[in-house]
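We number each residue from 1, following the sequence as shown. Because only heavy atoms are used, hydrogens play no part in the values below, and waters and symmetry mates are left out as well, while side chains stay in.
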Amino acid sequence: MIDRNTQMMDAGMRLFDSEKPYGTVLGGLKTELAQYGNVLRTNEIEEDLLPPSAAGCDLFLDRSTRYKWKYIACTLEDAGIVGKTPDGEDIHRYAASLKEGNKNSNVGLYVSLALILIWAMLGWFISNGSGLIVLVFLAVGVFGAWRMLKPSKDNTRLVGQLLDIFAQGK
């Protein structure tokens, strides 16, 4: 299931050259993305099921977990012919643009709230109501919840890796 309320933000673009036609290059990108999650082509999914900020993408990667919605949208554009191979085939320049989206799921929100409550109650029971110890335990719970709710950096790292792979692609 895809969360339509996830905001997709521009994550980068790479230009690369290839003698292969558009469809073959798009298939290669799909194969590369498929290593990291479920990849959908726009003809395999209805446009109104995707987040509005991902509209017009060619490939949509869903890497969601139980606690976070994580998406990467890829758009491939043909930027023209830049030359010919020694065999006389056209060399095309392509532009691969990526958008990245990252949002906490309801399960993640509930688990982080439960984490805060558990730590606060644990501090209360251990200290028999002493305010300072309860505050320390509450701070530990808030820190754990903050770590859980902050945006995932692995999606951003993956975008960087993918852009480097696309730049090397032929």
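- Taking all atoms of both residues into account, the shortest heavy-atom contact from Phe137 to Gly123 is CG-CA, 3.4 Å.
- Residues satisfying the salt bridge (Lys or Arg N to Asp or Glu O under 4.0 Å) test with Lys99, not counting sequence neighbours, are none.
- For Trp119, the CH2 atom is loosely surrounded, since the number of other residues' heavy atoms within 6.0 Å does not exceed 12.
- A continuous path of hydrophobic side-chain contacts links Ile2 to Trp69 [ILVMFWY only; heavy atoms under 4.5 Å].
- No donor-acceptor distance shorter than 3.5 angstrom exists from the side chain of Asp90 to the backbone of His92, with no hydrogens or angles considered.
- Shown here are the salt bridge (Lys or Arg N to Asp or Glu O under 4.0 Å) partners of Asp10, two or more places apart in sequence or in another chain: there are none.
- Here the CG-CE distance, from Asn104 to Met148, works out to 8.0 Å after rounding to the nearest 0.5 Å.
- Thr31 contributes a side-chain N or O that, together with a main-chain N or O of Gly27, makes up a donor-acceptor pair within less than 3.5 Å.
- Phe143 and Trp146 have tilted rings, their planes meeting at an angle from 30° to 60° on a 0 to 90° scale.
- Looking at every heavy atom in both residues, Thr6 comes nearest to Ser53 through O-OG, 3.9 Å.
- When the side chains of ILVMFWY residues are joined at heavy-atom separations under 4.5 Å, either directly or via intervening members, Ile133 and Leu122 end up in a single hydrophobic cluster.
- Between the side chain of Glu44 and the main chain of Arg41, a donor-acceptor pair closer than 3.5 Å is present.
- A donor-acceptor distance shorter than 3.5 angstrom exists from the side chain of Tyr71 to the backbone of Asp3, with no hydrogens or angles considered.
- The shortest distance between side-chain heavy atoms of Leu98 and Leu162 falls below 4.5 Å.
- The environment of OH in Tyr22 is crowded: more than 12 heavy-atom neighbours from other residues, nucleotides or ligands sit within 6.0 Å.
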Query - Stepwise side-chain contact (heavy atoms from CB on, under 4.5 Å) check, Ile91 with Ser18 - result: CA-CA 5 Å; Ile91 299 174; Ser18 177; over 6 Å; no
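- The nearest pair of heavy atoms linking Met8 to Ala54 is CG-CB, 3.9 Å.
- Arg4 pairs by the salt bridge (Lys or Arg N to Asp or Glu O under 4.0 Å) definition with nothing, not counting sequence neighbours.
- Across all their heavy atoms, Leu163 and Gly12 have their closest contact at CD1-CA, 3.9 Å.
- Residue Lys150 qualifies as enclosed at atom NZ: its count of foreign heavy atoms under 6.0 Å is above 12.
- Proximity of Leu61 to Tyr36: side-chain heavy atoms (C-beta onward) are separated by under 4.5 Å at one or more points.
- Counting only heavy atoms from C-beta outward, the side chains of Val111 and Tyr67 approach each other to under 4.5 Å.
- Rounding to the nearest 0.5 angstrom, the gap separating the CG atom in Leu76 from the CE atom in Met13 is 11.5 Å.
- The two residues Arg66 and Ser105 come nearest to each other via the heavy atoms O-OG, 2.7 Å.
- Connection of Leu33 to Val159 is established within a shared hydrophobic cluster, with ILVMFWY side chains joined at heavy-atom distances below 4.5 Å, either directly or through further cluster members.
- If you run side-chain contact (heavy atoms from CB on, under 4.5 Å) between Tyr94 and each of Val25, Asp17, Leu29, Leu15, only Val25 comes through.
- Tracing side-chain contacts under 4.5 Å through hydrophobic residues (I, L, V, M, F, W, Y), one never reaches Ile118 starting from Phe125; they form parts of separate clusters.
- Using a 4.5 Å heavy-atom threshold, the side chains of Pro51 and Asn5 count as separate.
- The shortest non-hydrogen separation linking Leu115 to Gly144 is CD2-C, 3.5 Å.
- In the hydrophobic cluster analysis, where Ile, Leu, Val, Met, Phe, Trp and Tyr join through side-chain heavy atoms closer than 4.5 angstrom, Ile72 is grouped together with Phe16.
- Look at Arg63 and Asp154 and you find a salt bridge, because one of the NZ, NE, NH1 or NH2 atoms lies within 4.0 Å of a carboxylate O, short of that distance.
- Between Lys30 and Asp58, no side-chain nitrogen of the basic residue sits less than 4.0 Å from a carboxylate oxygen of the acidic one, so the salt-bridge criterion is not met.
- For Asp62 (side chain) and Asn38 (main-chain N/O), no donor-acceptor pair under 3.5 Å exists by modelled atom type.
- Side chains of Asp87 and Thr85: a donor-acceptor N/O pair is absent below 3.5 angstrom, by distance only.
- Within the model, atoms CG of Leu26 and NZ of Lys20 stand 13.0 Å from one another, a figure rounded to the nearest 0.5 Å.
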Report task. Apply side-chain contact (heavy atoms from CB on, under 4.5 Å) to Phe60 and Val39, showing your working. Result -> CA-CA 6 Å; Phe60 189 80; Val39 180; over 6 Å; no
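- Partner of Asn155 under the side-chain hydrogen bond (donor to acceptor under 3.5 Å, both in side chains) criterion, chosen from Glu100, Lys68, Lys70: Glu100.
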